[in-house]
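The residues of the chain are indexed from 1 along the displayed sequence.
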Amino acid sequence: MSQTQKQNATKHYKFYPDEDNIPHYLAYGFRPIFLLLPLYMVALVLLWGFVFSGMLPIFDDPLSWHIYELLFGVGIAGIMAFIFTGLPELFPGLVPIVGKRLSKIIALWIAGRISFWCIDIVGIYVVAFINIALWVYIIIWAFKPVVLDKLQRHSSIAYTIVILTILQIMFFASKADILKVNSIDILYLSIGWFMVLTILALRRVNMEAINEILEHKNLDDVFIAKPFRYNLAIFTIILFTTVEFLYPNNSILGWLGFACFASILGILNDYNLQYESLLKEPFMWYLSSVVVMMALGYGFLGFSYLFDFGSLNHFRHFLTSGAFGISFFLVMVIIAHVHTGRVLKSNWWIMGGVVLLIIATIFRTIIPFFLENYYTFINISIVLWIIPFIVYFFKTKSFLVSARLDGIKG
């Protein structure tokens, strides 16, 4: 474990809750989430396969269910793991959420997932209340350290989460016929803002992961994520997302999609260090794949709008199955290693997981060119996509249910 990593990990030492007999799986925010989330993602995608094929007709609106759960159901779990782990170390004095309090929050997340699966039984208002309550709780907990921070170092993440909460309220309002807007359009708008959140998180994950590797290998260089590159990508994504929502099918979306493609790829220039080369570092390639998948998603969306290709939903999977899925896999891998006192290094299952997620995304997005293999390609994509998360669970579960190797709390 590097000295910098240990110093960051011990910042919350003084403020760690004085609670007796905290089980290891509740000793820090990411632990129970990363035990449950990969299994839930596998169940979610498998269930969607049965629903989509007509074998399990359990929803009146299966497409909305599928998109909502992948974005907001899975997304809030990732957000909780990210901020429950990071904020106590970034803002000393913020008490980490652990033990009984953490278990209650996880129970609320589980209740949100079950209620949404039973939305046709319990009703839209019950589901909305449970799910939105969790998002509001997270915002309230993070508000003081993040939004009131004089340096505003991480406020962009907080503001994005607030926007996503508003979009979630709009989604439920549309399903309840309170808001006369197509719920699918709101979900597509939400995809864009989740891409913004992914870039904001990626910037911080890049800084932690790459610098951890450089320090462990005693390489005399520092990785710095240049804000202007990420800000340009975020600006173009917000512009594309807003125009698509307000003026669907406008031909300008073709050029905006290409602008997103170019600006997102520009993030890759960050990996050109002044003294050392990252070309031999596997994690650089893994993290780059998130950027490439996202860029391809907007590039193909632009192509589809410009040439009226009519395959928007297929190409959007570059963003969801690709960028979103790979980023979740990598964040879970990085946090499970770094924040349990282990050295972050590549191995066969991490590399294989990223490769399988890329191949799964390709199979899902090339369907418009091979319509005769529609269901075959979808089934292949589902199988390949869930394998990395199954392997992740079995490879890291021992990390998540045992004490840190360095003896630090959490």
Side-chain angles (χ1 to χ4, degrees), residues 17 25-26 28-41 43-44 64-88 94-119 121-147 154-155 157-176 178-179 183 186-187 189-191 193-194 196-198 200-201 324 327-328 331-332 335:
Y25 62 85
L26 292 175
Y28 223 78
F30 68 92
R31 289 176 176 268
I33 295 171
F34 288 168
L35 281 169
L36 295 172
L37 187 58
L39 298 180
Y40 181 70
M41 294 172 77
L44 183 65
S64 290
W65 167 83
H66 171 60
I67 300 174
Y68 176 90
E69 272 302 279
L70 180 63
L71 292 178
F72 290 100
V74 172
I76 188 58
I79 290 169
M80 289 192 299
F82 189 79
I83 68 174
F84 286 173
T85 304
L87 292 193
L94 181 63
V95 178
I97 296 178
V98 302
K100 294 179 181 178
R101 185 182 177 191
L102 178 59
S103 67
K104 292 177 182 178
I105 296 173
I106 298 301
L108 183 58
W109 177 75
I110 294 173
R113 311 289 53 78
I114 295 174
S115 69
F116 200 85
W117 284 30
C118 303
I119 191 170
I121 299 173
V122 300
I124 189 71
Y125 294 104
V126 173
V127 178
F129 178 81
I130 294 174
N131 284 275
I132 293 171
L134 180 57
W135 283 74
V136 171
Y137 178 87
I138 301 305
I139 292 171
I140 293 173
W141 182 77
F143 181 85
K144 184 176 180 180
V146 177
V147 178
H154 305 283
S155 59
I157 289 181
Y159 298 141
T160 304
I161 294 173
V162 170
I163 291 172
L164 286 169
T165 304
I166 294 171
L167 289 174
Q168 186 174 194
I169 294 171
M170 290 174 58
F171 168 78
F172 285 120
S174 70
K175 298 299 289 184
I178 298 173
L179 182 65
S183 60
I186 296 173
L187 291 174
L189 180 62
S190 301
I191 290 176
W193 280 99
F194 268 107
V196 170
L197 186 62
T198 299
L200 291 171
F324 199 65
S327 63
F328 263 81
V331 166
M332 289 195 295
I335 291 180

What is the ring orientation for Tyr68 with Phe116, classed by angle as parallel under 30°, tilted 30 to 60°, or perpendicular over 60°? parallel
When rounded to the nearest 0.5 angstrom, what distance separates CG in Leu37 from CD1 in Ile106? 9.5 Å
Closest approach of Ala176 and Tyr125, non-hydrogen atoms and distance? CB-OH, 3.8 Å
Do Phe34 and Ile335 make a side-chain contact, defined as non-hydrogen atoms from C-beta onward lying under 4.5 Å apart? yes
Mind checking the CZ-CZ spacing from Phe129 to Phe172? Nearest 0.5 Å is all I need. 12.5 Å
When rounded to the nearest 0.5 angstrom, what distance separates CD1 in Ile124 from CZ in Phe171? 6.0 Å
Rounded to the nearest 0.5 Å, what's the gap from CD1 on Ile161 to CD1 on Ile166? Could you check? 12.5 Å
When every non-hydrogen atom of Phe194 is compared with those of Gly75, the smallest separation belongs to CE2-CA, 4.1 Å
Could you check whether any side-chain heavy atom of Val98 comes within less than 4.5 Å of a side-chain heavy atom of Phe84, counting everything from C-beta outward? no
Mind checking whether Tyr137 and Leu108 have side chains closer than 4.5 Å, heavy atoms only? no
Interatomic distance, CE@Met80 vs CD1@Ile97, rounded to 0.5 Å, equals 9.5 Å
Can you name the nearest heavy-atom pair linking Arg101 to Trp141, along with the distance? NH2-CD1, 3.4 Å
Given side chains that start at C-beta, do those of Leu167 and Met170 come closer than 4.5 Å, heavy atoms only? yes
Kindly indicate, with the supporting measurements, whether the criterion side chain to side chain contact (heavy atoms under 4.5 Å, CB included) is fulfilled by Trp135 and Leu164. CA-CA 9 Å; Trp135 283 74; Leu164 286 169; 3.8 Å; yes
Please report the shortest heavy-atom distance between Leu102 and Pro32, naming the atom on each side. CD2-CG, 3.6 Å
What's the separation between atom OG1 in Thr165 and atom CD1 in Ile79, rounded to the nearest 0.5 Å? 7.5 Å
Return the set of residues passing side-chain contact (heavy atoms from CB on, under 4.5 Å) with Pro38 (not counting sequence neighbours), or none when no residue passes. Met332, Phe389, Tyr392, Phe393
Please report the shortest heavy-atom distance between Ala77 and Ile33, naming the atom on each side. O-CG2, 3.5 Å
Within a 6.0 Å radius of atom OH on Tyr25, are there more than 12 heavy atoms belonging to other residues, nucleotides or ligands? no
Would you sort out whether Leu187 and Ile191 count as a side chain to side chain contact (heavy atoms under 4.5 Å, CB included), showing the intermediate values? CA-CA 6 Å; Leu187 291 174; Ile191 290 176; 5.8 Å; no
side-chain contact (heavy atoms from CB on, under 4.5 Å) against Ala173, all qualifying residues, sequence neighbours excluded: Ile178, Leu179
Give the minimum heavy-atom separation between Leu70 and Val74, together with the two atoms involved. O-CB, 3.3 Å
